Amino acid sequence: MTKKLYISTYGCQMNVYDSARMADILSPLGYSLTDQPKNADMAILNTCHIREKASEKTFSELGRLRNMRKAKQESDKGDMIIAVAGCVAQAEGKEIMKRASYVDMVFGPQSYHKLPEMLAEASRGAGHILETDFPVEAKFDHLPNEAIDKNLSAFLTVQEGCDKFCAFCVVPYTRGAEFSRPTTDIIAEAKRMITAGTKEITLLGQNVNAYHGDGKNGKTATLAQLIYELAELDGLQRLRYTTSHPLEMTDELCQAHRDVDILMPYLHLPVQAGSDRILEAMNRRHTGAEYRRIIEKLRGYRPDLALSGDFIVGFPGEAESEFEDTMQLIRDVKYAQAYSFKYSPRPGTPAAALESQMIPEEVKSERLSRLQALLNEQQLAFNQSFEGKAVSVLLEREGKREGQLIGRSPYMQSVYLQSPPHRIGRVATVIVEEGNANSLRGKLKPSSVADAA
Ligand code: 5AD
Ligand code: SF4
């Protein structure tokens, strides 16, 4: 009998990957995914703790699930197991158990391979289950072999955790110390994904370019070496990696952007701020000038590299002139895309203790809107610069409109075009007609339909 599994995923791509693996692990137990929580036999909230109000959001969604479970029980449609996973679970597991005692299980990002055991315990009525230890290696060892994401463009986790301890960030506390998977495991997983139809792989890690997994002949492999090895796999057409830290942007990795054709010309390289004093207070361990030099070097190897970043405005003590340094850095670098946030204190992080220097909310909002206006302007200019040009597009799925397909350019732009659906999965050349704020619109280049690809 099939049971229904509902997973609600918040936050980063690591969580998206983890949710897909949880579905893989539960599938042999008869669970198939549903997007309707009200009918679910098991509901998992895969939570994110990185920004404000994460725990409140978790509690309010839990409340909704509890009501759905009640309705299900009352109409005699069976029970619902409610679980909280991810980083809020890791950071606030005990609190969740206390405040929402109806939750059946709480487990951190390193424990989901134990889901079958936890489920068995829960159904034996063993009471609440709390699993928030950090046995990182175990998680990957226990992933089922058929852990395959059938998407054309799929994620592959190669590294987890972070030892950088940026002063504002909870990741080192919720995801733990850095851990890299051995290259043989990664290559095997990549091969399985390619066999199942994946054309584009994005290597994932909180600090992916700090990757240092066991490689061949007892040596440690770097991310660049892993990329060279993956680039040899037949059938893989595109490779990406995220998220990177400027300190780990080695010459070898920068050069891979010149030398590996399937490594896409797009890089998410957060800088967070432009002022050296703020960068130091954030414990980023690099200056604005060092970041600019890395970008220059990368663009030397790959002139068309599109850059993406993360920015935080209103870090404790940020003066107007220091915020202006961030604006200037953005003007100098020119981003194709970016994410930006108002600083919010995360309990337990060093920056949260700087209470006396907190920036008023209105100031943060005003700075954020100026910063986002500049970033939006740059993103639009970047997209418009493609008008009239040809880009290669991995055709991924059908759009909402009749006959429409959506794909991605090498630079991560979404591209909308008219094409028959049988071309999904191919890389086509598209002539861009219009560059918009968030996407490109174009048409297939008549002679180029890479049907052979
Ligand atoms: N406040 C605001 N933004 C934050 N980020 C991480 N922690 C915080 C915080 N306390 C942002 C950073 C990071 C991104 C994933 O989230 O910019 O790169
Ligand atoms: Fe957080 Fe900094 Fe590590 Fe990124 S590098 S995960 S911002 S501590």
Side-chain angles (χ1 to χ4, degrees), residues 9-17 47-57 86-88 90-91 109 136 157-180 204-212 223 241-249 267-275 278-286 290-291 294 307-318 323 326 329-330 333 335 337-355 357-359 361 363-365 367-368 371-372 375:
T9 309
Y10 295 87
C12 67
Q13 287 146 338
M14 303 286 286
N15 271 10
V16 175
Y17 177 90
T47 59
C48 168
H49 196 248
I50 204 147
R51 277 181 295 278
E52 238 173 336
K53 302 201 177 89
S55 39
E56 278 98 300
K57 277 185 211 144
C87 296
V88 175
Q90 184 66 45
V136 187
T157 295
V158 302
Q159 179 276 340
E160 282 216 52
C162 182
D163 296 338
K164 295 284 187 292
F165 290 92
C166 297
F168 50 82
C169 185
V170 290
V171 167
Y173 312 98
T174 54
R175 290 273 175 169
E178 232 178 65
F179 167 77
S180 298
L204 281 186
Q206 261 96 23
N207 228 264
V208 73
N209 58 344
Y211 175 85
H212 57 281
L223 182 67
Y241 60 95
T242 198
T243 289
S244 297
H245 191 289
L247 277 189
E248 312 278 357
M249 225 48 236
L267 180 65
H268 182 62
L269 193 64
V271 65
Q272 313 294 357
S275 139
I278 295 294
L279 284 168
E280 193 176 344
M282 287 177 162
N283 191 31
R284 291 288 295 177
R285 295 185 267 167
H286 60 77
E290 281 157 355
Y291 181 82
I294 295 165
L307 281 157
S308 157
D310 289 344
F311 298 92
I312 296 178
V313 303
F315 187 79
E318 183 188 67
F323 168 69
T326 305
L329 184 141
I330 295 172
V333 171
Y335 287 87
Q337 204 233 301
Y339 304 91
S340 46
F341 314 99
K342 285 192 266 191
Y343 170 75
S344 81
R346 306 277 73 222
T349 58
L354 304 172
E355 256 166 68
Q357 298 176 55
M358 291 297 168
I359 305 291
E361 208 46 40
V363 177
K364 284 196 265 184
S365 301
R367 287 181 189 167
L368 185 67
L371 181 120
Q372 290 183 335
L375 289 166

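We use all heavy atoms of the structure for the numbers below, so side chains are in, but hydrogens, waters and symmetry mates are not. The structure presented is a predicted model; accordingly, all values stated were derived computationally and were not measured. Whatever order the structure lists ligands and atoms in, that order sets their numbers, starting from 1.
For atom 16 (O) of ligand 1, the closest non-hydrogen atom on the protein side is R51 NH1, 2.9 Å. Distance from atom 10 (N) of ligand 1 to its nearest protein heavy atom, with residue and atom name: S344 O, 2.7 Å. Atom 12 (C) of ligand 1 has its closest protein heavy atom at Q272 OE1, 3.4 Å. Among all protein heavy atoms, the one lying closest to atom 7 (N) of ligand 1 is F168 CD1, 3.4 Å. Distance from atom 5 (N) of ligand 1 to its nearest protein heavy atom, with residue and atom name: I312 CD1, 4.0 Å. Nearest protein heavy-atom contact of atom 2 (C) of ligand 1 is K342 O, 3.3 Å.
With a 4.0 Å cut-off on non-hydrogen atoms, P172 touches ligand 2 through its side chain and not its backbone. Only side-chain heavy atoms of N207 come within less than 4.0 Å of ligand 2; its backbone N, CA, C and O stay farther off.
At least one N or O atom of D310 sits closer than 3.5 Å to an N or O atom of ligand 1. In terms of polar-atom proximity, Y343 is not counted as a contact of ligand 1, lacking any N or O under 3.5 Å from an N or O of the ligand.
Residue C166: no N/O/S atom is found under 2.8 Å from atom 3 (Fe) of ligand 2.
What you find for C162 and V171 is that their closest heavy atoms are CB-CG1, 3.9 Å. The minimum heavy-atom distance between P316 and A351, with the atom names listed, is CG-O, 4.0 Å.
Heavy-atom contacts of I50 reach the following atoms of ligand 1: 6 (C), 7 (N), 8 (C), 15 (C) (cutoff under 4.0 Å). When each atom of ligand 2 is checked for a heavy atom of F168 under 4.0 Å away, the hits are 7 (S). Against a heavy-atom cut-off of under 4.0 Å, H245 is close to the following atoms of ligand 2: 5 (S).
Note on E318 versus K364: no salt bridge recorded, every NZ/NE/NH1/NH2 to OD/OE distance being 4.0 Å or above.
More than 12 heavy atoms of other residues, nucleotides or ligands shown are found within 6.0 angstrom of CD on E56.
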